[in-house]
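Scroll down for the structure; my scribbles are underneath it.
Naming: A, B, ... by sequence-line order, numbering from 1 per chain. These numbers come from a predicted model, not from an experiment.
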Protein chains: 2
Amino acid sequence: MASQAPAPRTPLSRDRVLRAAVEIADADGLDAVTMRRIGDALGAEAMSLYYHVANKNDLLDGIVDVLMAELNEAVDRLTVVTDWKAAMRHRILTARAVLLRHPWAPRLLESRTTMRPAVVIYHDRLVGLMRSGGFSYDLAHHALHALGSRALGFSQELFDPADASPNPDADARMLADLAEQVPNLAGMLAEVAHDDPDSTIGWCDDQQEFEFALDLILDGLARLAAR
Amino acid sequence: MASQAPAPRTPLSRDRVLRAAVEIADADGLDAVTMRRIGDALGAEAMSLYYHVANKNDLLDGIVDVLMAELNEAVDRLTVVTDWKAAMRHRILTARAVLLRHPWAPRLLESRTTMRPAVVIYHDRLVGLMRSGGFSYDLAHHALHALGSRALGFSQELFDPADASPNPDADARMLADLAEQVPNLAGMLAEVAHDDPDSTIGWCDDQQEFEFALDLILDGLARLAAR
DNA sequence: TGAGTCCGTCTTACGTCGTAAGGCTGACTT
DNA sequence: AAGTCAGCCTTACGACGTAAGACGGACTCA
């Protein structure tokens with residue numbers, strides 16, 4: 001029982017660790033990303049990861065880096081448009097398309113507290129577009145705040161996630177119970193159909209809603225920039 | 001050593017548990033809110049809490065209820081204004097004032113997945129205001145999405161928290177390192193002073209920035225409503 | 001008065017997490 | 001041939017949420 005094949009396993013690396021983490025997040029969500037689980041995926045022990053990653057926080061930062069690399073690559077591939085507004089719109093919606101491939105991304109980005117270079121660079125390009133459209137630095141600064149996370153392609157919804165209610169009727173039933181307490185919402189929901197099966201991120205934050213809000217803000221900015 | 005005073009401690013209750021949890025969050029942040037810590041604060045064991053609270057998730061929901069009760073109370077105290085826009089503005093900024101007393105609130109609200117009645121009721125009143133301003137249900141619905149978490153008085157910032165960089169120069173130094181990679185941001189930051197000591201929630205999401213974005217959206221909505 | 005019920009609390013214990021401390025091994029120097 | 005050290009593993013600790021059930025005292029009903 002001596003001459004077992006010595007298992008020529010590929011050595012670990014920060015890149016492999018991060019990539020494995022992203023795969024786990026894609027498959028089973030952010031909470032499934034644990035050191036032990038990553039270790040398993042790579043055929044190593046959890047503690048071995050610490051040679052390539054300082055700690056869990058650094059790991060999550062690294063995941064953001066991987067994500068943002070994918071996002072920046074997609075966004076930089078875009079053909080140049082002269083109109084700043086169309087360019088920003090396109091850029092942001094492209095970013096959103098990338099995020100839709102990683103449903104865990106909004107939660108992760110919101111939770112991150114450190115500034116990652118790739119995120120900074122992304123916003124720099126947005127400011128560049130606005131400058132090309134005649135924005136003052138001050139207005140561009142305001143614009144970033146107004147867009148908030150929408151600049152990156154998502155917006156946090158209060159009643160959000162897909163994992164909210166196991167049965168889709170639960171929300172409706174609760175609203176029915178509250179009906180006389182919330183007459184305005186009840187009326188609104190009666191009129192606005194919420195059962196769009198194409199709902200992408202969150203409750204009814206689907207593509208149309210995202211674009212509506214985005215255009216509302218871009219139009220407002222355009223008016224201010226034109227003054 | 002027999003006749004020790006029998007410690008006439010006040011019995012636990014859901015309300016006491018939730019109130020203790022909020023106090024802990026106010027004092028030491030959301031991560032400090034653990035079952036054992038709440039138990040300590042109440043002179044009880046962690047497991048005793050489970051008689052009054054289903055689980056940790058239910059506890060967090062309960063914290064949201066306490067918070068939103070405080071918020072709704074503050075907001076309903078407002079004097080009636082005929083102008084829907086001024087009323088919404090006032091209402092939202094009042095909500096924000098309450099949230100500023102509980103820095104952990106945005107993170108908690110974002111993380112919550114279940115619909116709490118108090119949150120629903122809050123939004124119902126907003127829709128009511130918009131209806132009074134001539135909004136269609138459809139436009140009011142869009143408006144809620146456009147406002148996002150801003151409707152509740154906060155907006156998530158990508159480079160956010162107070163706990164981000166121990167030394168306030170770290171961010172600036174990193175940007176300096178990236179300077180040639182992010183010329184637009186570097187220019188912007190050189191011009192826009194970010195060292196506002198009154199920064200409230202987050203990096204530079206201070207009151208003026210919040211109001212700028214809020215007014216931008218409200219103005220845009222007003223234009224759409226007027227059509 | 002005594003037995004049964006049950007509410008409220010505590011005890012003990014399990015499995016999970018992140019990670020500190022240090023041991024082993026094989027490749028590379030010198 | 002001896003020493004160094006990068007890379008991985010073993011063991012262990014202290015958090016966490018919480019399942020299972022024991023315990024005590026108040027209450028009900030005979």
Side-chain angles (χ1 to χ4, degrees), chain A residues 1-22 24-25 27-64 104 107-108 111-114 163, chain B residues 1-22 24-25 27-64 104 107-108 111-114 163:
Chain A
M1 188 97 20
S3 59
Q4 184 88 2
R9 55 206 201 76
T10 46
L12 295 179
S13 71
R14 179 169 234 263
D15 203 69
R16 285 194 70 214
V17 170
L18 298 182
R19 234 164 268 285
V22 168
I24 292 170
D28 292 340
L30 210 53
D31 292 335
V33 178
T34 76
M35 303 306 268
R36 294 173 223 266
R37 172 87 184 264
I38 299 174
D40 282 356
L42 296 173
E45 295 303 312
M47 286 309 292
S48 303
L49 308 178
Y50 283 88
Y51 195 85
H52 304 93
V53 147
N55 47 43
K56 183 85 187 271
N57 205 54
D58 182 41
L59 173 84
L60 294 177
D61 280 345
I63 296 179
V64 169
W104 42 268
R107 216 184 87 191
L108 178 63
S111 77
R112 242 67 285 286
T113 186
T114 58
D163 55 6
Chain B
M1 196 79 36
S3 58
Q4 185 88 1
R9 57 208 201 74
T10 45
L12 295 179
S13 71
R14 178 169 236 263
D15 203 68
R16 286 194 69 213
V17 169
L18 298 182
R19 232 164 270 285
V22 168
I24 293 170
D28 293 339
L30 210 53
D31 292 335
V33 177
T34 77
M35 303 307 267
R36 293 174 223 264
R37 172 86 184 263
I38 299 173
D40 283 356
L42 296 174
E45 295 302 312
M47 286 310 291
S48 303
L49 307 177
Y50 282 87
Y51 194 85
H52 307 278
V53 149
N55 47 43
K56 181 84 187 269
N57 204 55
D58 182 41
L59 173 84
L60 294 176
D61 280 347
I63 296 180
V64 169
W104 42 268
R107 215 184 89 192
L108 178 64
S111 77
R112 242 68 281 287
T113 185
T114 58
D163 55 9

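- In this structure, B/Ser48 OG and B/Ile38 CD1 are separated by 12.0 Å, a value rounded to the nearest 0.5 Å.
- Taking CZ of A/Arg112 as the reference point, atom CD1 of A/Ile63 lies at 8.5 Å (rounded to 0.5 Å).
- Shown are B/Val22, B/Asp15, B/Val17; of these, the side-chain contact (heavy atoms from CB on, under 4.5 Å) with B/Arg19 is made only by B/Asp15.
- The CG atom of A/Asp40 sits 14 Å away from the C1' atom of D/dC9 (whole-angstrom rounding).
- Rounding to whole angstrom units, CZ of residue B/Arg16 and C1' of C/dG8 are separated by 13 Å.
- Atom CE of B/Met35 is separated from atom C1' of C/dA13 by 17 Å (rounded to the nearest Å).
- Comparing C/dC10, C/dG18, D/dG17 by their nearest atom to the side chain of A/Thr34 picks out C/dG18.
- For the contact set between residues 47-57 of chain B and DNA chain D, defined by any heavy atom under 4.0 Å, the members are B/Met47, B/Tyr50, B/Asn55, B/Lys56.
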Given A/Asp40 and A/Arg36, is the side-chain contact (heavy atoms from CB on, under 4.5 Å) satisfied, shown in steps?
CA-CA 6 Å; A/Asp40 282 356; A/Arg36 294 173 223 266; 5.5 Å; no
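- Mapping B/Arg37 and A/Arg36 onto DNA chain D via the closest heavy atom, the residue that lands nearer the 5' end is A/Arg36.
- For the pair B/Ile38 CD1 and D/dT18 P, the interatomic distance rounds to 11 Å; values are reported in whole Å.
- Here the side chain of A/Glu45 is nearest to one of D/dT10, D/dG17, C/dT9, namely D/dT10.
- Taking atom CG of residue B/Asp61 and atom P of nucleotide D/dG17, one finds them 15 Å apart after rounding to whole Å.
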Before giving the answer on salt bridge (Lys or Arg N to Asp or Glu O under 4.0 Å), spell out for B/Asp58 and B/Arg14 the whole-Å C-alpha distance, their side-chain angles and the decisive distance to 0.1 Å.
CA-CA 11 Å; B/Asp58 182 41; B/Arg14 178 169 236 263; 2.6 Å; yes
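- Atom pair B/Arg14:CZ and C/dG8:P shows a separation of 14 Å (rounding to whole Å applied).
- The closest side-chain heavy-atom distance from B/Val33 to B/Asp28 is not below 4.5 Å.
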